[in-house]
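Working notes, structure below.
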Amino acid sequence: MTRKLAWSDVTPKPLWLNRRQLIAGTAALAATPALGRIEAAASRYSTDAAPNTLEEITGYNNFYEFGTGKEDPARYAGGLTIDPWAVQIDGMVERPGSYDLADVVKGQPLEERIYRFRCVEAWSMVVPWIGFQLSGLLERVGVQPGAKFVAFETLLRPEEMPGQSSPFIEWPYREGLRLDEAMHPLTILATGLYGEAMPRQNGAPIRLVVPWKYGFKSIKSIVRISLVDRMPPTTWNMLQPQEYGFYANVNPKVDHPRWSQASERRVGAGIFAGREDTLMFNGYEAEVASLYSGQDLAVDY
Ligand SMILES: Nc1nc2c(c(=O)[nH]1)N[C@H]1C(S)=C(S)[C@@H](COP(=O)(O)O)O[C@H]1N2
Ligand SMILES: [Mo]
């Protein structure tokens with residue numbers, strides 16, 4: 001909690017996150033050069049809830065590649081090499097290939113999205129991400145008609161990711177979305193937060209953010225995106241299918257077998273603050289409920 005993040009800990013802001021590109025991405029963004037910060041007017045998709053502090057967002061993490069403790073990622077992720085970085089895009093796509101990170105981001109409008117973030121462990125935060133819609137990238141690489149799901153993989157590099165020596169998880173970390181979920185405008189690939197390049201403990205250099213789903217769906221440090229026709233295997237579902245479903249939509253009415261999902265603890269709220277009610281689809285019900293019409297969310301959890 002008290003760890004102060006020195007921006008020198010973080011890779012110098014790379015080419016793909018330059019101010020010009022950010023400003024070009026959103027007319028509402030205005031640079032304040034003195035602070036070296038990007039300030040953005042609220043995106044129509046942003047919550048007006050107050051964001052957590054940078055210290056909270058970068059000091060309390062789940063990133064099992066660096067250990068299972070909440071402070072392990074901040075402590076151990078500093079040695080992760082994030083440049084060069086390539087993302088393999090394959091499967092049912094028109095233009096498969098190994099894309100350099102700069103090429104993945106090229107032409108995609110970066111914007112600030114202030115999202116609510118709800119972990120399946122019943123803590124939550126509000127995070128000002130910088131990113132772009134996954135739909136933009138998928139449109140660019142060309143999704144073939146038979147594709148129904150998108151599968152994602154995190155980097156496998158045990159030399160730099162000490163947690164990968166644990167046999168508890170079958171590495172690499174994997175996640176997946178149905179194609180309509182992946183194409184939803186709320187689904188972003190994030191390359192930064194608080195107007196700066198993504199800190200390593202938060203999934204540098206590029207990670208998924210799906211704000212209406214439990215946090216484990218938002219896979220970090222992505223090296224592979226595959227378009228497939230079957231529901232792909234996903235890490236937490238492989239480990240404990242009774243506890244973690246593929247859909248993992250935030251749902252206060254469907255409890256985890258070992259704890260209630262009806263309420264949550266906002267990280268940093270202080271010991272006297274009460275728990276908050278958890279909202280259906282984490283507060284994004286109006287935007288995403290139609291994706292699941294006709295689906296029994298207690299069965300398809
Ligand atoms: N590769 C990878 N991605 C991951 C995880 C992980 O352990 N490894 N943890 C997930 C979980 S459980 C959560 S709650 C979020 C945490 O994101 P944050 O640390 O940026 O808050 O990352 C998700 N993405
Ligand atoms: Mo989580």
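Computed from a predicted structure; not experimentally measured. Numbering of ligands and ligand atoms starts at 1, following listing order. What you see below is based on every heavy atom in this structure, not just the backbone, and it leaves out hydrogens, waters and symmetry mates.
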Query raised in the report: Is the closest N or O pair between N61 and ligand 1 shorter than 3.5 Å?
Result: yes
Requested in this report: Indicate whether the side chain of D72 and that of Q201 have a donor and an acceptor atom separated by less than 3.5 Å.
Outcome: no
Report task. Heavy-atom contacts with R207 under 4.0 Å: which atoms of ligand 1 show up? List them by number with element. Result -> 15 (C), 17 (O), 20 (O), 22 (O)
Query raised in the report: Which heavy atom in Y173 sits nearest to a heavy atom in F216, and how many Å separate them?
Result: OH-O, 2.8 Å
Requested in this report: Among all protein heavy atoms, pick out the one at the shortest distance from atom 21 (O) of ligand 1; state its residue, atom name and that distance to 0.1 Å.
Outcome: F117 CE2, 3.8 Å
Query raised in the report: Nearest heavy atom to atom 2 (C) of ligand 1: which of Y214, Y173, W129 does it belong to?
Result: Y173
Requested in this report: Report yes if the distance between the aromatic ring centroids of Y301 and Y247 is under 6.0 Å, otherwise no.
Outcome: no
Report task. Identify, for atom 3 (N) of ligand 1, the protein heavy atom at the shortest distance, and state residue, atom and that distance. Result -> K220 N, 3.1 Å
Report task. Check whether NZ of the Lys or CZ of the Arg K217 lies under 6.0 Å from the centre of the six-membered ring of F246 and within 45 degrees of that ring's axis. Result -> yes
**Report entry** Where ligand 1 meets S218 - atom numbers and elements under 4.0 angstrom, heavy-atom basis
**Finding:** 22 (O), 23 (C), 24 (N)
Requested in this report: Measure the distance from atom 7 (O) of ligand 1 to every protein heavy atom, then report the residue, atom name and distance (to 0.1 Å) of the closest one.
Outcome: Y64 N, 2.8 Å
Query - Within reach of ligand 1, part of M125 (heavy-atom separation under 4.0 Å) - result: neither
Query raised in the report: With E276, which of R266, R265, R116, R118 fulfils salt bridge (Lys or Arg N to Asp or Glu O under 4.0 Å)?
Result: R266
Query raised in the report: Who passes side-chain hydrogen bond (donor to acceptor under 3.5 Å, both in side chains) against N282, sequence neighbours left out?
Result: none
Report task. Can you sort out which atoms of ligand 1 are near N202, meaning under 4.0 Å from one of its heavy atoms? Result -> 18 (P), 20 (O)
Query raised in the report: Considering only the protein, which heavy-atom contact is closest to atom 8 (N) of ligand 1, and what is its distance?
Result: E65 OE1, 2.8 Å
Query - Atoms in ligand 1 with a heavy atom of C119 nearer than 4.0 Å - result: 14 (S)
Requested in this report: Would you check if there is a donor-acceptor pair between the side chains of S226 and D90 at a distance under 3.5 Å?
Outcome: yes
**Report entry** Contacting atoms of ligand 1, where contact means under 4.0 angstrom from a heavy atom of N62
**Finding:** 5 (C), 9 (N), 11 (C), 12 (S), 13 (C), 14 (S), 16 (C), 19 (O), 22 (O)
Query raised in the report: What atoms of ligand 1 come within less than 4.0 Å of a heavy atom belonging to T154?
Result: 1 (N)
Query raised in the report: Which hydrophobic side chains are connected to I271, either touching it within the sub-4.5 Å cutoff or through other members that do?
Result: F272
Report task. Determine, stepwise, if the pair E181 / K213 fulfils salt bridge (Lys or Arg N to Asp or Glu O under 4.0 Å). Result -> CA-CA 10 Å; E181 299 174 323; K213 292 178 179 286; 2.8 Å; yes
